[in-house]
Amino acid sequence: MPPSPAPSLEERKRLISLQEKIASEIVFEDRFSEGVVAGVDQAFISRKDGREMVISGAVAFDSTLRPLSKSWAILDTTFPYVPGLLSFREGPTALEAVKRLETRPTILFVDGCGINHPRRAGLASHIGVTLNVPTIGVSKNVLCGTFDPPGRVGDASPLVYVGERVGYVLFSKKRCRPIVVAPGHKVSVDGALDLARRYLRDNKLPEPCFAAHQQANLVKRQILSGEVSF
DNA sequence: GCGACAG
DNA sequence: ATCTTGTCGC
């Protein structure tokens with residue numbers, strides 16, 4: 001039996017209208033500062049008894065990437081993975097982890113889509129509007145939109161969806177598939193590309209995303225080994 | 001009608 | 001995302 005029941009058509013309609021409301025509140029201009037740069041990412045635990053849980057890890061840095069604070073949160077899964085509705089699966093836990101950071105982010109990197117979404121309401125936009133925090137979405141795969149593959153490391157190609165430029169596909173590291181960066185909330189399309197590039201270090205993903213991924217998986221390992229309980 | 005489809 | 005060891009390449 002599935003961990004979380006598939007949403008009915010009526011339920012989907014309700015969630016989609018929720019996304020449309022969120023999309024209507026997105027600010028598309030750059031209105032962020034880089035005082036506290038953070039990242040949030042999720043990991044999952046599926047137990048033998050059929051239960052599935054979401055773990056979110058968040059990490060905050062100053063503008064020079066010096067660590068400021070970390071946090072995490074864990075919740076039971078209540079929604080399955082449905083392309084276009086990821087926010088309802090990972091959003092609750094991610095929001096909680098970000099709230100638990102001692103330092104409120106002034107710009108937050110989120111794993112997933114931003115406005116590069118069928119209703120311009122990817123996880124990054126969802127979190128940004130909900131917390132009124134500037135966000136940028138970073139993903140490893142394209143949900144929607146087309147692009148010409150960037151040729152060299154450092155290059156970026158516009159990601160276009162229904163005639164609109166919704167983000168960029170960035171060749172972030174040699175021998176790695178390019179990543180997708182897009183505005184979540186209070187960040188412009190070019191601002192998102194600039195942020196992604198400036199916070200890239202030695203990894204495929206910008207440092208806030210990389211660190212958040214590590215944090216989520218560290219907590220997961222600690223929970224599985226009994227070092228940490230909840 | 002048939003695929004594609006963030007994590 | 002997750003299931004999983006080694007392995008090829010830089």
Side-chain angles (χ1 to χ4, degrees), chain A residues 2-4 6-7 12 15-16 19 22-23 26 39-58 72-95 97-98 108-129 135-147 152-153 159-162 166-185 192 196 202-206 209-210 212-221 223-224:
Chain A
S4 305
R12 289 198 187 207
L15 299 178
I16 285 175
Q19 293 187 318
I22 283 172
I26 295 174
V40 63
D41 186 30
Q42 285 65 245
F44 294 78
I45 289 179
S46 42
R47 315 198 322 179
K48 287 284 187 177
D49 62 6
R51 266 222 298 179
E52 181 180 50
M53 306 190 91
V54 195
I55 295 173
S56 284
W72 60 274
I74 181 168
L75 292 173
D76 280 301
T77 287
T78 60
F79 201 81
Y81 168 67
V82 178
L85 297 179
L86 182 70
S87 300
F88 303 104
R89 177 174 171 75
E90 307 190 355
T93 322
L95 288 169
V98 173
L108 176 69
F109 284 68
V110 178
D111 68 300
C113 297
I115 65 170
N116 52 330
H117 176 280
R119 292 166 291 281
R120 13 186 57 181
L123 182 60
S125 298
H126 188 111
I127 291 175
V129 168
T135 56
I136 168 182
V138 179
S139 40
K140 308 171 206 63
N141 293 288
V142 177
L143 171 61
C144 61
T146 60
F147 64 94
R152 306 183 167 199
V153 172
L159 176 62
V160 178
Y161 183 59
V162 289
V166 296
Y168 282 99
V169 173
L170 172 64
F171 196 161
S172 64
K173 183 179 179 177
K174 285 186 179 183
R175 297 180 297 285
C176 285
R177 292 180 51 207
I179 62 176
V180 184
V181 301
H185 181 50
D202 302 327
N203 305 293
K204 169 178 176 174
L205 297 177
C209 298
F210 182 76
H213 189 271
Q214 297 302 304
Q215 168 70 350
N217 285 101
L218 169 63
V219 173
K220 172 178 176 174
R221 288 196 300 275
I223 286 176
L224 290 178

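First the proteins, then the strands, lettered A, B, ... as listed; each starts at 1.
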Between A:Ser56 and A:Gln42, do the side chains contain a donor N or O and an acceptor N or O under 3.5 Å apart? yes
Work out which heavy atom in A:Ala192 is nearest to a heavy atom in A:Ile136; give both atom names and the distance. O-CD1, 3.3 Å
Within this structure, what is the CZ-to-P distance between A:Arg119 and B:dC5, rounded to whole angstrom? 17 Å
Just the rounded figure in Å: distance from P of C:dT2 to CZ of A:Arg221. 11 Å
To the nearest angstrom, the CD-C1' distance between A:Gln19 and B:dA6 comes to 12 Å
Please classify the nucleic acid contact of A:Ser46 as base, sugar-phosphate, or nothing, using heavy-atom distances under 4.0 Å. nothing
Reading DNA chain B 5' to 3', how would its secondary structure be written in dot-bracket notation, given Watson-Crick and G-U pairs with both distances under 3.5 Å, brackets [ ] for crossing pairs and | for partners on other strands? .......
Which nucleotide in C:dC3, B:dC5, B:dG7 has an atom nearest any side-chain atom of A:Lys220: C:dC3
How would you label the contact of A:Asp111 with the nucleic acid (heavy atoms, under 4.0 Å): base, sugar-phosphate, or nothing? sugar-phosphate
Each nucleotide of nucleotides 4-10 of chain C classed B (base within 4.0 Å of a protein heavy atom), S (only sugar-phosphate) or -, in 5' to 3' order, makes ------S
Could you tell me whether A:Gly84 contacts a base, only the sugar-phosphate backbone, or nothing, with contacts defined as non-hydrogen atoms closer than 4.0 Å? base
Over how many whole Å does the gap from A:Phe44 atom CZ to B:dG7 atom P extend? 11 Å
Touch class at under 4.0 angstrom, heavy-atom based, for A:Ile45 against every strand present: nothing
Hey, do the aromatic rings of A:His117 and A:Tyr161 have their centres closer than 6.0 Å? no
What's the spacing between A:Asp111 CG and A:Asp41 CG if we round to 0.5 Å? 4.0 Å
Would A:Arg89 and A:Thr78 count as a side chain to side chain contact (heavy atoms under 4.5 Å, CB included) here? Give the steps. CA-CA 7 Å; A:Arg89 177 174 171 75; A:Thr78 60; over 6 Å; no
Proximity to the side chain of A:His117 - top-ranked nucleotide from B:dG7, C:dT2, B:dA6: B:dA6
Once you round it to whole Å, what is the distance between P of C:dA1 and CZ of A:Phe79? 19 Å
Value in whole Å for how far the C1' atom of C:dA1 lies from CZ of A:Arg89: 7 Å
Could you go through A:Leu205 and A:Val138, starting from their C-alpha distance and side-chain angles, then the distance that decides it, and tell me whether this counts as side chain to side chain contact (heavy atoms under 4.5 Å, CB included)? CA-CA 8 Å; A:Leu205 297 177; A:Val138 179; 3.9 Å; yes
Would you check if the side chain of A:Lys173 reaches a backbone N or O of A:Val153 as a donor-acceptor pair within less than 3.5 Å? no
Is there ring stacking between A:Tyr81 and B:dG7, where the centres must be under 5.5 angstrom apart and the planes under 30 degrees? yes
Run A:Glu90 and A:Leu123 through side chain to side chain contact (heavy atoms under 4.5 Å, CB included) and show every step you take. CA-CA 8 Å; A:Glu90 307 190 355; A:Leu123 182 60; 3.9 Å; yes
Derivation of the side chain to side chain contact (heavy atoms under 4.5 Å, CB included) call for A:Gln215 and A:Trp72: CA-CA 8 Å; A:Gln215 168 70 350; A:Trp72 60 274; 4.1 Å; yes
Within the structure shown, what part of the strands sits under 4.0 Å from A:Lys140 by heavy-atom distance: base, sugar-phosphate, or nothing? sugar-phosphate
Side chain of A:Pro83 only, heavy atoms from C-beta on: which candidate in B:dG7, C:dT2, B:dC5 is closest? B:dC5
Separation between CZ (A:Phe44) and CG (A:Asn217), nearest 0.5 Å, reads 11.0 Å
A:Asn116 atom CG is separated from B:dA6 atom C1', nearest whole Å, by 8 Å
Rounded distance in Å - CG (A:Asn141) to P (B:dC5): 8 Å
With a non-hydrogen cut-off below 4.0 angstrom, is A:Val142 in contact with a base, only sugar-phosphate, or nothing? sugar-phosphate
